[in-house]
Chemist: 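Can you keep this structure in mind? I'll have questions shortly.
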Amino acid sequence: MCRIHLAVALPIFSIKIYIVSFNKLQLIEPVLKALHQQGYHQPTPIQQQAIPVVLNKQDLLACAQTGTGKTAAFAIPVLQLMFLHKQTRVNENKLKQIQTLVLVPTRELALQVEESFRDYGCYLGFHQLVVFGGVSQYNQVSMLRKGVDILVATPGRLLDLIQQRKISLEAVKYFILDEADRMLDMGFVDTVRKIIAYLPVQRQTLFFSATMPAPILQLSKQLLVKPVKVEVTPPSSVVEIIVQSLYYVEKTNKRHLLVEILKNPVLKTVLVFTKTKYGADRLARDLGRSGVKADAIHGNKSQNERQRALQKFKDGYARVLVATDIAARGIDIDQLSMVINFDLPDVPETYVHRIGRTGRAGATGVAVSFCDYEQKICLADIQKLIGKSITVVKDHLYDVPMMHPQQRSENHYSQLVHRKRSAGKRYGRVFMQASVKS
């Protein structure tokens, strides 16, 4: 479970789960109607715990992984509180002011959160806007001038607009910090602190994080007042319904193995993670040449390019989306067939967030990882974090493209090693039960 040391702990109040349906959460009819329209009937554990706390106007410290339904856990009750407050106001300003601010680390997550507010609040009459960098600010500023009730933003663009005096946060009543630990990983914590200085002291704050490292706990201590803490799964642990498997494979054979796996027609949508932007582009091109429709998404792509690639993937025009870790927490795709770690991440927590793209909302997930010799340390760190060994598939241990070691002579193998060494290239050890006699 997500545990807090007393040295930095906040006042915490525990709660128990008794709720079994949205109808028992004391939600108003327009919200229930929207949820029913979206096909939501039963709240997830984080929603069961968080919604009553937020409706009770208390600060919230939530320890919840991606894929647990946490966006709805804060969007639903905040929309209801905003609507009830709107009903009680006698004189409403003609120009809408920002009442709710949601701060997220990535553009993809910002778009996803804004869409959720729009869906859940479709009968409430609020205006929401998403702002992020990488695109012109002209349209964003134009929308702000018309008036916005709910603002979803990434830290860099938001602070920039604040300093330009294009945005005022003086009317914010509800502040949500989502993916706080990801903010830390991406170096946004100082920017977040600067933004907080522009917020009113009197506000309700909701703090969400998948993990609770010491800097995040310290930040939560500064933000929250007598918070209620909720948690649904141990931080940085893998959802049990995700079936994980591992292939030991030489680096030069990873693309061949990926193509072999993708020959399975059951795999309709596959998200593949690479370590580098260049590697993502190259792999997408290689898959295209192999007859697999694929797109790449990473930080060097423009926002329009990233959105087009993501939309093609969601609509089924691209079967494979190759991504760097920019997509590890910002992509929400229903019924994702499989996540493949083409390259294992250096940070073990990132593995958890990657495979969390599948197995969402209670569905069964499948995650496959490729491991070459240089990544054995990364694999050891990942297995230590998740507390178990990943099942190894032993039938695909290639060291020469599309050739099993038993199909080669020892002499051929020795010649291959000699050629690589003489060319001055580092030759990784081979993950197989074959040996070369000297």
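From a predicted model like this one, the values you see are computed outputs, not experimental measurements.
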Chemist: Measuring only between side-chain heavy atoms, which start at C-beta, is L267 closer than 4.5 Å to R319?
Modeler: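 Yes, side chains in contact.
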Chemist: Between CD of Q38 and NZ of K33, what distance do you get to the nearest 0.5 Å?
Modeler: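 So the CD of Q38 and the NZ of K33 are separated by 13.0 Å.
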Chemist: Tell me, which pairs form a salt bridge (charged side-chain N to carboxylate O under 4.0 Å, His left out) where one or both residues lie in residues 45-63, sequence neighbours left out?
Modeler: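 Qualifying pairs: none.
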Chemist: Just by distance, do the side chain of Q47 and the backbone of G69 share a donor-acceptor pair under 3.5 Å?
Modeler: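 Side chain of Q47 to backbone of G69, a donor-acceptor pair under 3.5 Å: yes, one is there.
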Chemist: For D315, enumerate each residue passing the salt bridge (Lys or Arg N to Asp or Glu O under 4.0 Å) test, keeping only those at least two apart in sequence or located in another chain.
Modeler: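 Salt bridge (Lys or Arg N to Asp or Glu O under 4.0 Å) check on D315 returns nothing, list empty.
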Chemist: Quick one: which of V102, L103, T100, I167 gives a side chain to side chain contact (heavy atoms under 4.5 Å, CB included) with L151?
Modeler: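 The side chain to side chain contact (heavy atoms under 4.5 Å, CB included) with L151 is passed solely by I167 among V102, L103, T100, I167.
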Chemist: Apply side chain to side chain contact (heavy atoms under 4.5 Å, CB included) to N139 and list each qualifying residue two or more places apart in sequence or on a separate chain.
Modeler: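 With sequence neighbours excluded, N139 shows a side chain to side chain contact (heavy atoms under 4.5 Å, CB included) to no residue whatsoever.
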Chemist: For G133 versus T154, what's the shortest heavy-atom pair and its separation?
Modeler: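 Answer, listing the atom of G133 first, then T154: N-OG1, 3.9 Å.
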Chemist: Do K86 and F126 form a cation-pi contact, if we require the NZ or CZ to be under 6.0 Å from the six-membered ring centre and within 45 degrees of the ring's axis?
Modeler: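 Yes, K86 sits over the ring of F126.
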Chemist: Measuring only between side-chain heavy atoms, which start at C-beta, is L310 closer than 4.5 Å to L321?
Modeler: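 They are in side-chain contact.
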Chemist: Among all residues two or more places apart in sequence or in another chain, which pass the side chain to side chain contact (heavy atoms under 4.5 Å, CB included) test with R203?
Modeler: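 Listed in chain order: F175, I196, L199, T205, L223.
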Chemist: Is a side-chain donor or acceptor of S245 paired with a backbone partner of T391 at a separation under 3.5 angstrom?
Modeler: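 Here the side-chain-to-backbone pair does not exist.
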Chemist: Under 4.0 Å between a Lys/Arg side-chain N and an Asp/Glu carboxylate O for K275 and D325?
Modeler: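 The answer is no: the pair does not qualify as a salt bridge.
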Chemist: Any sub-3.5 Å donor-acceptor pair from Q49's side-chain atoms to E231's backbone N or O?
Modeler: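 Checking the backbone N and O of E231 against the side chain of Q49, a donor-acceptor pair under 3.5 Å is found.
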Chemist: Checking R157 now: which residues fulfil salt bridge (Lys or Arg N to Asp or Glu O under 4.0 Å) with it, not counting sequence neighbours?
Modeler: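 Expected list: none.
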Chemist: Between T106 (side chain only) and L109 (backbone N and O only), is there a donor and an acceptor less than 3.5 Å apart?
Modeler: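 Checking the backbone N and O of L109 against the side chain of T106, a donor-acceptor pair under 3.5 Å is found.
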Chemist: Can you list everything that forms a ring pair (Phe, Tyr, Trp, His ring centres under 6.0 Å) with Y120? Sequence neighbours excluded, please.
Modeler: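 Counting only residues at least two positions away or on another chain, Y120 forms a ring pair (Phe, Tyr, Trp, His ring centres under 6.0 Å) with Y40.
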Chemist: Is the backbone N or O of D286 less than 3.5 Å from a side-chain atom of S290, with the two atoms forming a donor-acceptor pair by type?
Modeler: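 Yes, the answer is positive, given that a donor and an acceptor are paired below the 3.5 Å cut-off.
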Chemist: Does G279 offer a backbone N or O that forms a donor-acceptor pair with the side chain of T274 under 3.5 Å?
Modeler: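 Such a contact is absent between T274 side chain and G279 backbone.
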Chemist: Any side-chain heavy-atom pair from V249 and D372 closer than 4.5 angstrom?
Modeler: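 Contact flag for V249/D372 side chains = no.
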Chemist: Within a strict 4.5 Å, meaning less than it, do heavy atoms of the D381 and L385 side chains meet?
Modeler: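 Counting from C-beta outward, D381 and L385 never come under 4.5 Å.
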Chemist: Taking ring pair (Phe, Tyr, Trp, His ring centres under 6.0 Å) as the definition, give me every residue that meets it alongside F74, ordered by chain and number, with sequence neighbours left out.
Modeler: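 Expected list: F208.
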Chemist: Find the distance between CG (L55) and CD (Q26) and round it off to the nearest 0.5 Å.
Modeler: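 Between L55 CG and Q26 CD, I get 7.5 Å after rounding to 0.5 Å.
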Chemist: Nearest 0.5 angstrom please: M183 CE to D190 CG, how far?
Modeler: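 Reported value, rounded in 0.5 Å steps: 13.0 Å.
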Chemist: Do R255 and L283 come close enough that some side-chain heavy atom pair is under 4.5 Å?
Modeler: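 Of all side-chain heavy-atom pairs linking L283 with R255, at least one is under 4.5 Å.
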Chemist: Under the 3.5 angstrom rule, does the side chain of Q80 hit a backbone N or O of I28 as a donor-acceptor pair?
Modeler: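 Answer holds: yes.
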Chemist: Does some side-chain heavy atom of Y123 sit less than 4.5 Å from a side-chain heavy atom of Q37?
Modeler: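 A side-chain contact under 4.5 Å exists here.
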Chemist: Run the salt bridge (Lys or Arg N to Asp or Glu O under 4.0 Å) test against R282 and tell me which residues pass, sequence neighbours left out.
Modeler: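 Residues passing salt bridge (Lys or Arg N to Asp or Glu O under 4.0 Å) with R282: none at all.
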Chemist: Out of curiosity, F83 CZ to D149 CG, how far, rounded to the nearest 0.5 Å?
Modeler: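 So the CZ of F83 and the CG of D149 are separated by 12.0 Å.
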Chemist: Just by modelled atom types, is the Q58 backbone N or O under 3.5 Å from a matching donor or acceptor in the N56 side chain?
Modeler: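 Here the side-chain-to-backbone pair does not exist.
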Chemist: With sequence neighbours left out, what residues match R118 under salt bridge (Lys or Arg N to Asp or Glu O under 4.0 Å)?
Modeler: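 Scan of R118 (salt bridge (Lys or Arg N to Asp or Glu O under 4.0 Å), adjacent residues dropped) gives E114.
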Chemist: Only pairs under 3.5 Å count here: list side-chain donor-acceptor contacts from residues 292-301, not counting sequence neighbours, and write none if there are none.
Modeler:
from: D295; atom 1: OD2; to: K312; atom 2: NZ; distance (Å): 3.0
from: H298; atom 1: ND1; to: N300; atom 2: N; distance (Å): 3.1
from: H298; atom 1: NE2; to: D281; atom 2: OD1; distance (Å): 3.1
from: H298; atom 1: NE2; to: D281; atom 2: OD2; distance (Å): 3.0
from: N300; atom 1: OD1; to: K277; atom 2: NZ; distance (Å): 3.2

Chemist: Applying side chain to side chain contact (heavy atoms under 4.5 Å, CB included), can you list everything that pairs with Q164, at least two apart in sequence or on another chain?
Modeler: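 Counting only residues at least two positions away or on another chain, Q164 forms a side chain to side chain contact (heavy atoms under 4.5 Å, CB included) with Q137, D160, L161, K166.
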Chemist: Less than 4.5 Å apart, any side-chain heavy atom of I261 and any of I340?
Modeler: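 Side-chain contact under 4.5 Å: yes.
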Chemist: Using the ring of F342 (Phe, Tyr or Trp, six-membered ring only), decide whether K254 places NZ or CZ under 6.0 Å from its centre and within 45 degrees of its axis.
Modeler: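 Here K254 passes the 6.0 Å and 45° test against F342.
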Chemist: I'd like to check V339 versus L336 (side-chain heavy atoms, cut-off strictly below 4.5 Å). Are they in contact?
Modeler: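 Counting from C-beta outward, V339 and L336 do come under 4.5 Å.
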Chemist: Taking only residues two or more places apart in sequence, or in another chain, which ones meet H127 in a ring pair (Phe, Tyr, Trp, His ring centres under 6.0 Å)?
Modeler: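 In terms of ring pair (Phe, Tyr, Trp, His ring centres under 6.0 Å), with neighbours along the sequence ignored, H127 is linked to no residue.
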Chemist: Out of curiosity, Q48 CD to I51 CD1, how far, rounded to the nearest 0.5 Å?
Modeler: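 With rounding to 0.5 Å, CD (Q48) is 9.0 Å from CD1 (I51).
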Chemist: How long is the gap from CD1 on I98 to CD on E170, to the nearest 0.5 Å?
Modeler: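 Here the interatomic distance stands at 10.0 Å.
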Chemist: Considering non-hydrogen atoms only, spot the tightest contact between A210 and C63 and give its length.
Modeler: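 Shortest heavy-atom contact: O-SG, 4.0 Å.
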Chemist: Counting distance only, does the side-chain N/O of S337 pair as donor-acceptor with the main-chain N or O of K268 below 3.5 Å?
Modeler: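 The answer is yes, because a donor-acceptor pair under 3.5 Å joins these two groups.
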Chemist: Mark yes or no for whether Q383, through its side chain, and I390, through its backbone, hold a donor-acceptor pair below 3.5 Å.
Modeler: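 Checking the backbone N and O of I390 against the side chain of Q383, a donor-acceptor pair under 3.5 Å is found.
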